[in-house]
Amino acid sequence: MGSIIPVMDKKSFLRSFLKRHQLKRRECAWLLNYLMNDDSLMERVHFLDRSDETPKALVISAQGIDTVPFSFRKQHHVTTDCEKAFHDIRLNHTEEIYIELHFKDQELHAQYLAVLEDNPYLPETKERKQRFETEADVVLTESIRQFQLKKINEEINQALDTHDKDAFLALTEKLNHLLKNS
């Protein structure tokens, strides 16, 4: 899964985040700094507001928020040991990493909102994607139909201009068929 958020933006956000917020666990700052220092890892980092259902997730909280200080989830295994998370990331550096951060006023933090992505593993995201695909198919089908109608009308006008009765009859039949089947 290639990220569309530039690595520079992610790193800039994390630097700002670490300057502004005191994390509940010091090891989390160390882990985030480790990620920031490796561009290839940062390409695989995705910030989400909900990391449910992702294959590999870090949940990190700042002081003043009533949530778990740290958790690392991979598949169905969950740990609160930051060191285990570090070793897994170090050993599996090609896997995507989904990070869920909790801090005060996160919905007002422009840099955070700029790096925030949709969780592709949530069912509602899959349903929304399916809905968009269906809507795109409808728009494409209608565009093709409108193009065909325009082209047939132009050909009918040309047949009228050239007094080609056979072409006119064939094209009007084609037009009627297209209109009837839409």
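Hydrophobic clustering, with ILVMFWY side chains joined whenever heavy atoms are under 4.5 angstrom apart, groups L18 together with I89. Placement of L171 and L179 within a single hydrophobic cluster is found when ILVMFWY residues are connected by side-chain heavy-atom separations under 4.5 Å, directly or transitively. L31 and I65 sit in two unconnected hydrophobic clusters of ILVMFWY residues. Membership requires side-chain heavy atoms under 4.5 Å apart, directly or through other members. Cluster annotation: L14 and F103 are assigned to the same hydrophobic cluster (Ile/Leu/Val/Met/Phe/Trp/Tyr, side-chain heavy-atom contacts under 4.5 Å, transitive). No continuous path of ILVMFWY side-chain contacts below 4.5 Å connects V59 to Y112, so the two sit in separate hydrophobic clusters.
Scanning for side chain to side chain donor-acceptor pair (under 3.5 Å) contacts around D49 gives an empty result, with sequence neighbours left out. For E155, the salt bridge (charged side-chain N to carboxylate O under 4.0 Å, His left out) partners are K151, not counting sequence neighbours. Legend: residues meeting side chain to side chain contact (heavy atoms under 4.5 Å, CB included) with L140, ordered by chain and number and at least two apart, are I144. By the side chain to side chain donor-acceptor pair (under 3.5 Å) test, H87 pairs with R90, sequence neighbours left out. Listed by chain and number, the residues in a ring-ring contact (aromatic ring centres under 6.0 Å, His included) with Y34 are F86 (sequence neighbours excluded). Q111 meets the side chain to side chain donor-acceptor pair (under 3.5 Å) test with S12, S16; sequence neighbours excluded. The side chain to side chain contact (heavy atoms under 4.5 Å, CB included) test applied to E173 returns no partner, not counting sequence neighbours. Remark: D52 pairs with R50 by the side chain to side chain donor-acceptor pair (under 3.5 Å) rule, at least two apart or across chains. Residues that satisfy the side chain to side chain contact (heavy atoms under 4.5 Å, CB included) test with D137, not counting sequence neighbours, are absent from this structure.
Between the side chains of H102 and E100, at least one donor N or O lies within less than 3.5 Å of an accepting N or O. For the 3.5 Å distance criterion, the side chains of H177 and N181 qualify, holding a donor opposite an acceptor. For the 3.5 Å distance criterion, the side chains of E142 and Q146 qualify, holding a donor opposite an acceptor.
Between C28 and P69, the shortest heavy-atom contact is SG-O, 4.3 Å. The two residues S40 and D38 have their closest heavy-atom pair at OG-OD1, 2.7 Å.
Remark: I156 CD1 to K174 NZ distance equals 10.0 Å, nearest 0.5 Å. A distance of 11.5 Å separates NZ of K180 from CG of L175, quoted to the nearest 0.5 Å. Going from atom CG of L32 over to atom CG of N37 covers 11.0 Å, rounded to the nearest 0.5 Å. Rounded to the nearest 0.5 angstrom, L58 CG and I60 CD1 are separated by 5.0 Å. Atom NE2 of H93 and atom CG of L91 lie 9.5 Å apart (nearest 0.5 Å).
The aromatic rings of H21 and F17 sit tilted, their planes meeting at an angle between 30° and 60°.
Under the 4.5 Å side-chain criterion, counting only non-hydrogen atoms from C-beta, I5 is not in contact with L116. With contacts defined as side-chain heavy-atom distances shorter than 4.5 Å, the pair N92/K56 qualifies. Counting heavy atoms from C-beta outward, L35 and I99 have side chains that approach closer than 4.5 Å. Side chains of V115 and V45 form no contact here, defined as non-hydrogen atoms less than 4.5 Å apart.
No donor-acceptor pair under 3.5 Å is formed between the side chain of D118 and the backbone N or O of P120. Checked by atom type and distance alone, the side chain of D105 never pairs as donor or acceptor with a backbone atom of L108 at under 3.5 Å.
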Cut-off 3.5 Å, no hydrogens considered: what does the side-chain donor-acceptor table look like for residues 71-85, sequence neighbours left out?
from, atom 1, to, atom 2, distance (Å)
R73, NH2, S51, O, 2.3
R73, NH2, S51, OG, 3.4
R73, NH2, T54, OG1, 3.3
K74, NZ, D88, OD1, 2.9
K74, NZ, E95, OE1, 3.0
K74, NZ, E95, OE2, 3.3
T79, OG1, D81, N, 3.1
D81, OD1, E83, N, 2.9

- Task: Before giving the answer on ring-ring contact (aromatic ring centres under 6.0 Å, His included), spell out for F47 and Y98 the whole-Å C-alpha distance, their side-chain angles and the decisive distance to 0.1 Å.
- Result: CA-CA 6 Å; F47 295 98; Y98 298 90; over 10 Å; no
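Counting only residues at least two apart or on different chains, no ring-ring contact (aromatic ring centres under 6.0 Å, His included) pair has a member in residues 139-171. Residues in residues 11-30 take part in these salt bridge (charged side-chain N to carboxylate O under 4.0 Å, His left out) pairs, two or more places apart or across chains: K11-D39, R25-E27.
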